Visitor: 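I have a structure here, written as structure tokens, and I will follow up with some questions on it.
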Amino acid sequence: MQLKMALAGNPNAGKTTLFNQLTGARQHVGNYPGITVDHKEGHLQYQGQTITITDLPGTYSMTAYSAEELVARDYLVYNRPQVVINIVDASNLERNLYLTCQLLELGAPLVVALNMIDVAEARGIEINAAVLAQHLQVPVVPIIARSGFGKDALLSAALQVASTNQQWNPLSISYGDDLDTTLSELIKIITAADLMTETYHARYTAIKYLENDDQIQAKGREISPQTAHLLEQLVEKTADHSRLTLDVYPEAIIADHRYGYIKSLLRQGVITRKFDADRLYTSDKIDKVLTNRLLGPVLMLAILFALYQFTFSWSEIPGTWLKNAFTWLSGLVETTLPNGTLKSLIISGIINGVGGVIGFVPLIMFMFFGIAILEDSGYLARVAFMMDRIFRIFGLHGSSVMPFIVSGGIAGGCAVPGVMATRTLRSPKERMATLLTVPFMNCGAKLPVLALLIGTFFGENKARYMFFFTMLAWIVAMLAAKLLRSTVLRGAPTPFVMELPPYRFPTIRGLCIHTWERTYQYVKKAGTVILGISILLWAMMTFPGLSEEVSTSFAMKRQEVMAAAAPDTRAELQIKKEPLSEQAQALNKAITLIGNEEAEMALRHSIAGKIGISLESVSRLAGFDWRTDIALIGGFAAKEVIVSTLGTAYSMGKVDSKDAQSLSDRLKEDSNWNKVTAVAALVFIMFYSPCFITLVCIAKEASWKWAAFSMAFNTILAYLMAVAVFQIGTFFSLG
Ligand code: GDP
Ligand code: MG
């Protein structure tokens, strides 16, 4: 028989760590709440049984407030795993048992995995598992997920529970006189009408009605409108009554009683503290400094800035190696292949396109490594905690910080998981506002463009400018959020509840896995999507090409110049003599110029050139020429493409690759580009439409209407900002 086992627990309780220990899989061990709301499955063999383990999303509760909670609950009731392992953080037992309490009320067959007993012990907390098991009436197994300690005991306890294949047997807690009376009336109606009784116990459905659970109420209405009406009426009466007498909603009374149940349970000899309870734990001591009202934000900025310095200085060396390797490769192709379309495809389409992206891998790798340190140590949660005060002002929520950071709030990241991470936000309006503004962050794909333009025009102070543009992204995102929250998404804020997990020393293994996973995602994108698009754009930039007549006229021009030169000079060029004589250099230059002229004419006549030129009258106001327009169009598909397209557009005018200039040098020389144009372009690139993949995600999370809104809103905003930058900058001749 196939055995189904589910893993449930609070975020950060160690679910993923345990899942990996049990299945041997290398899954993401991270603290992003809700990056994957879909459950994850793994398999394991134990005592001759094949067990399927499902890692449910981390949740604090089992209501219909957030997508995760629904996914977890629906999985349990519809798939009916024979046993649910509820992993709880022993160092934070009271808070974690709230979910346990709800799982017990649901009636699922439970085994409690008491995790992180090492942490609890270090904090002087001793937990008597046997007493806890006796009170909860389910097995409690102490484990250390990180080391695998207690794994076998846990599995055998789980199998024991699974083998009895017991009926679901819900725990019933008293919710005080008023609610208990209503509950029994509700139960009577539900049982009589047989409402959802094959899925939930009548008492559970009744509690959910009192808790105002949208999903259950909607189902009730769908199945039997009359019964639902009766139930809702009763609930409303009770709610009015409790508001009148106690000035609270029934939900709050229910939560209070659950915590009361847990408190009294813990007081009966479950927890012994070895140290004075008031003693400051190490984490708290650190927090006194790191989250201090005044010092905290200053230290936060310093830490983030240090991350930039680290990233830029350490990634420079391997970055140069990679760039040199690609330059060498182009040179090789240049000398071995005959001139023509194929050569152009390989050099301009493939090597330049992919090389431009791969060259930034070291940068992205170091950045991810730094973020992983912040995340795994628990500091990122403090950042969220501190940011809540600020976020509130802009109509967002402390939990919004994670989506922002995932999307590239510390630069490097991706709006795709960022958009998905907004699922943890409970209020739909705060969620939409977050969803629409996370694409403003500097994702990993924008980094190469930023690095290129900053490196070219502000090379002296790369780290400082990078930091400035990251801050700018935040400021614009916040203002846009405020704008949205006071217009299309107007509404009241929700209260902030957030856990500050204790600080932990990150493991090297964990850091490496995180860094590798994210870098790999980036490379995979570069290798597939980018390569395809780079080739497509190359084709758009190459075809239809110049007419034979025009080509011939250029060839004739070249011949004329050649013919006018002395035979010796011509010979020098043919044998590629080094160094060239003065006359030969002049001849070479003249021919190169003709080549450039021809290439530019070809590009102007290409499909992409026509589009770029037609947009030029509009984009001129922001200082963009048609070449930049082409690159920006490519950026709709994926932001990485901007660099590769600029590379292609600017390398096309190059005939002799011997004196190949890097894209950076080409831009510096080009009369269209200066510091003001660079800032205008940076601003536009940072804030215009999210890439296609992100738009699809927004559409999936919200609707196509919102995706279209995002595309239009961002592009218009970015354009207006770029125009302002360019016009003001030019007016004051800052270029
Ligand atoms: P999830 O959010 O429930 O999936 O939690 P994770 O598995 O991502 O774990 C959160 C953090 O706790 C990670 O940094 C783990 O390395 C760490 N962790 C998990 N289990 C233990 C444990 O038993 N002891 C200690 N000290 N750390 C643990
Ligand atoms: Mg996890």
Side-chain angles (χ1 to χ4, degrees), residues 6-42 53-61 66 68-69 71-72 84-93 95-96 98-100 103 112-125 127 129 140-154 281-283 371-382 384 399 402 406 417 421 423-424 498-515 517:
L7 224 53
N10 286 11
N12 265 317
K15 257 175 343 80
T16 308
T17 313
L18 178 64
F19 181 83
N20 295 349
Q21 276 284 356
L22 293 177
T23 61
R26 206 201 54 205
Q27 290 286 351
H28 176 80
V29 184
N31 301 340
Y32 297 162
I35 260 209
T36 43
V37 167
D38 305 323
H39 48 258
K40 226 171 18 212
E41 258 183 15
I53 302 188
T54 303
D55 186 13
L56 298 175
T59 60
Y60 292 111
S61 131
S66 72
E68 282 95 351
E69 297 185 7
V71 168
V84 179
I85 295 181
N86 173 209
I87 182 163
V88 299
D89 176 354
S91 65
N92 206 347
L93 200 54
R95 173 83 185 252
N96 275 249
Y98 190 73
L99 178 68
T100 312
L103 286 166
V112 171
L114 194 59
N115 191 29
M116 304 209 198
I117 49 170
D118 56 330
V119 181
E121 205 154 295
R123 292 221 244 150
I125 303 169
I127 295 162
V140 177
V141 186
I143 64 163
I144 302 174
R146 194 133 105 177
S147 70
F149 168 83
K151 192 172 92 172
D152 282 321
L154 178 66
Y281 305 121
T282 326
S283 266
I371 293 176
I373 294 176
L374 296 188
E375 188 192 341
D376 291 4
S377 64
Y379 185 66
L380 217 50
R382 272 72 187 178
S399 306
M402 200 48 94
V406 173
R423 292 178 191 179
T424 36
M498 184 151 174
E499 181 96 331
L500 291 186
Y503 287 103
R504 291 196 184 97
F505 256 107
T507 59
I508 296 290
R509 201 181 111 95
L511 294 180
C512 292
I513 291 178
H514 270 154
T515 308
E517 278 176 347

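In this text the structure is predicted, and so the values were computed from the model without any measurement. We count ligands from 1, going down the list as the structure has it; atoms in each ligand are counted the same way.
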Visitor: Do you know the tightest heavy-atom contact between N10 and K15?
Guide: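 Heavy atoms only, the tightest pair is O-CE, 4.4 Å.
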
Visitor: Report the part of T16 in contact with ligand 1, treating N, CA, C, O as backbone and CB onward as side chain, heavy atoms under 4.0 Å; options are side chain, backbone, both, neither.
Guide: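 Contact part for T16 vs ligand 1: both backbone and side chain.
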
Visitor: Specify side chain, backbone, both or neither for D118, according to which of its non-hydrogen atoms lie closer than 4.0 Å to ligand 1.
Guide: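 For D118, only side-chain atoms sit under 4.0 Å from ligand 1.
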
Visitor: Show me which atoms of ligand 1 lie under 4.0 Å from any heavy atom of I144.
Guide: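 Here the atoms of ligand 1 in question are 22 (C), 23 (O), 24 (N).
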
Visitor: Which atoms of ligand 1 sit under 4.0 Å from any heavy atom of T17?
Guide: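 That gives atoms 6 (P), 7 (O), 9 (O), 15 (C), 19 (C) of ligand 1.
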
Visitor: Is there a donor-acceptor pair under 3.5 Å between the side chain of T59 and the backbone N or O of S61?
Guide: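 It does hold such a pair.
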
Visitor: Just verifying a value: how many Å separate N115 CG and D89 CG, rounded to the nearest 0.5 Å?
Guide: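 Between N115 CG and D89 CG, I get 7.0 Å after rounding to 0.5 Å.
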
Visitor: Can you confirm whether F19 sits close enough to I53 that some side-chain heavy atom of one is under 4.5 Å from a side-chain heavy atom of the other?
Guide: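 Sidechains of I53 and F19: in contact.
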
Visitor: Could you check whether any side-chain heavy atom of L56 comes within less than 4.5 Å of a side-chain heavy atom of L7, counting everything from C-beta outward?
Guide: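 Side-chain contact under 4.5 Å: no.
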
Visitor: N/O of I143 under 3.5 Å from N/O of ligand 1, yes or no?
Guide: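 No, no N or O pair falls under 3.5 Å.
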
Visitor: Taking atom 2 (O) of ligand 1 as the point of reference, which of V119, N12, L7, I117 owns the nearest heavy atom?
Guide: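 Of the listed residues, N12 has the closest heavy atom.
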
Visitor: Quick check: closest heavy atoms across I125 and S91, and the distance to 0.1 Å?
Guide: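 So the two residues come closest at CD1-O, 4.1 Å.
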
Visitor: K15 heavy atoms, cut-off 4.0 Å: which ligand 1 atoms fall inside?
Guide: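 Matching atoms, with element in brackets: 1 (P), 3 (O), 4 (O), 5 (O), 7 (O).
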
Visitor: For A13, state whether at least one heavy atom is located under 4.0 Å from any atom of ligand 1.
Guide: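 Yes, that is the case, since the closest heavy atom of the residue is under 4.0 Å from the ligand.
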
Visitor: Which heavy atom of L154 sits nearest a heavy atom of A113, and at what distance?
Guide: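 Looking at all heavy atoms of both residues, the shortest contact is CD1-CB, 3.8 Å.
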
Visitor: Determine, using heavy atoms of N10 and all atoms of ligand 1, whether some pair is separated by less than 4.0 Å.
Guide: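 The answer is yes: ligand 1 sits under 4.0 Å from a heavy atom of N10.
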
